[in-house]
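Written out below as structure tokens is the structure these notes cover.
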Amino acid sequence: MEMYGNTLCVSFTELVRGGIISKPTYDKYVREGKITLLQRGGNGREALIAYRSMPERLRAAYDDTFKNAYEEMKQREQEKYINTQIRFDAEAVRFFKEFEPRIEPARQLEYILNAQVMNEMVRTEKARSVEHAKGGFARRAETWSSVQICCERLREITGHTLPKNPARLREKFNAYKREGYVVLVSGNLGNSAARRIGKAEGALLLKLRRSKFPVYTDMQLFDEYNRQAVLRGLKTIKSPTTMHSYLNDPAVMVWWFSAVHGEREFKNKYMPTFDTVMPSMPNSLWYSDGTKINLYYRAYDDRQKRWVARTTDVYEVMDACTELFLGYFIGDGENFYNQYMAYRMALQTWKVKPNPPSPCTVHLRPPISFNWIHRECFLIHIGRRSRVSFNYECSIVL
């Protein structure tokens, strides 16, 4: 079994010489079109027959005779493009030797080996993709499988340190194709743990990071810091990675975040947020709200001196735990009278005796007027007489 372009095929040898069918039967099937011949034999070629075109009985006989044919074919296809010999990369040697901050010789050898293995993986991917393109199709899963097998074969031979996890290996492989050798350098190299920044150096970095005029990019900030550090007699920073690690440390970021991104972003990132905990028992909390209702009528407008279509409002009271509709009142606007009548309907209709979880607490939402507080306290008074808790948009909890 093998692939011919994008079609799964079996060979003449497997069918006839494998004893599945005889040569006269094979010729008859070809002549009558019962099997599709994709490649004729001769001149060193072997006849190939489309597997799906064979009759069901013939396919079953083939599967019984060659039980692992498909798996063996996939293994051959993958190994055909895998190279177990790595090639020397002088550019990688130069890159890691001149990298700043300096890399110790033993770590340089590790990175160079990883780069050479990555190069072989890239060659394997290209070879497999070109072969698929010739057939007018693309099998990305099979291509990646060949790349992964190449990596593991080279791991057994060379002992490279690329990730063993398939997802992490694929992420590193894609990053290497985009960014090159730099992705193979450990993130711990040049960070705040390996390169210390003192108080004076940190103060200068924060001053430049918070600068409004001019506003520095990362590389401009790096260059400007080193220029001023020489003038002030401070330690220079040899790698932008060191600067990035220091400024992005959570304990340091809080000092410059608002100056760069604004007060709103600072509050969203660092200020505490509040979550509303809804009651778990019925009649622990009632809440209310008003809205327009789809009830239209004709009315005369004295100001416009003409007839107009108008609607009205409905004020509703509901239980916060069960979302049960308790009472309502239809009227114009969300005024005190409408609120009073809606709560009165809820009290008179349900006649409940709630079990409040805590003493009466009024949570008010600014801005608050005197009349508003007076009306709320009146509602609280009604609730106490009927032993019911309320919420008027701002949570009046008994």
Looking at residues at least two apart in the chain, or sitting in another chain, which of them share a salt bridge (Lys or Arg N to Asp or Glu O under 4.0 Å) with Glu156?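 Glu156: no salt bridge (Lys or Arg N to Asp or Glu O under 4.0 Å) contacts found.
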
Can you name the salt bridge (Lys or Arg N to Asp or Glu O under 4.0 Å) partners of Glu179, sequence neighbours left out? none

Say whether [X] and [Y], considering side chains only, have a donor N or O and an acceptor N or O under 3.5 Å apart.
| X | Y | value |
| --- | --- | --- |
| Glu323 | Tyr287 | yes |
| Asp63 | Tyr51 | yes |
| Tyr315 | Ser288 | yes |
| Asp313 | Thr291 | no |
| Gln108 | Glu104 | no |

Residues that [X] engages under side-chain hydrogen bond (donor to acceptor under 3.5 Å, both in side chains), provided they are two or more places apart:
| X | value |
| --- | --- |
| Asn68 | none |
| Arg170 | none |
| Asn248 | none |

Salt-bridged, Asp332 to Arg310, with N to O below 4.0 Å? no

Ion pair check, Glu263 and Lys267, cut-off under 4.0 Å: no

Crowded around Lys177 NZ? As in, over 12 foreign heavy atoms under 6.0 Å? yes

Among all residues two or more places apart in sequence or in another chain, which pass the ring pair (Phe, Tyr, Trp, His ring centres under 6.0 Å) test with [X]?
| X | result |
| --- | --- |
| Trp256 | none |
| Tyr176 | none |
| His261 | Phe257 |

Could I get the full list of side chain to side chain contact (heavy atoms under 4.5 Å, CB included) partners for Arg306, not counting sequence neighbours?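 Counting only residues at least two positions away or on another chain, Arg306 forms a side chain to side chain contact (heavy atoms under 4.5 Å, CB included) with Gln304, Val308.
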
Please report, to 0.1 Å, the donor-acceptor pairs under 3.5 Å made by any side chain of residues 33-40, with sequence neighbours excluded.
| unit_1 | atom_1 | unit_2 | atom_2 | d |
| --- | --- | --- | --- | --- |
| Gln39 | NE2 | Glu46 | O | 2.8 |

May I ask you to decide if Gly331's main-chain N or O and Thr312's side chain share a donor-acceptor pair within less than 3.5 Å? yes

Let me have the donor-acceptor pairs involving side chains of residues 25-32, under 3.5 Å, with sequence neighbours excluded, atom names and distances please.
| unit_1 | atom_1 | unit_2 | atom_2 | d |
| --- | --- | --- | --- | --- |
| Thr25 | OG1 | Ser22 | OG | 2.9 |
| Asp27 | OD1 | Lys23 | NZ | 3.0 |
| Asp27 | OD2 | Lys23 | NZ | 2.8 |
| Tyr29 | OH | Arg57 | NH2 | 2.8 |

ILVMFWY clustering at 4.5 Å (side-chain atoms), partners of Tyr300: Trp307

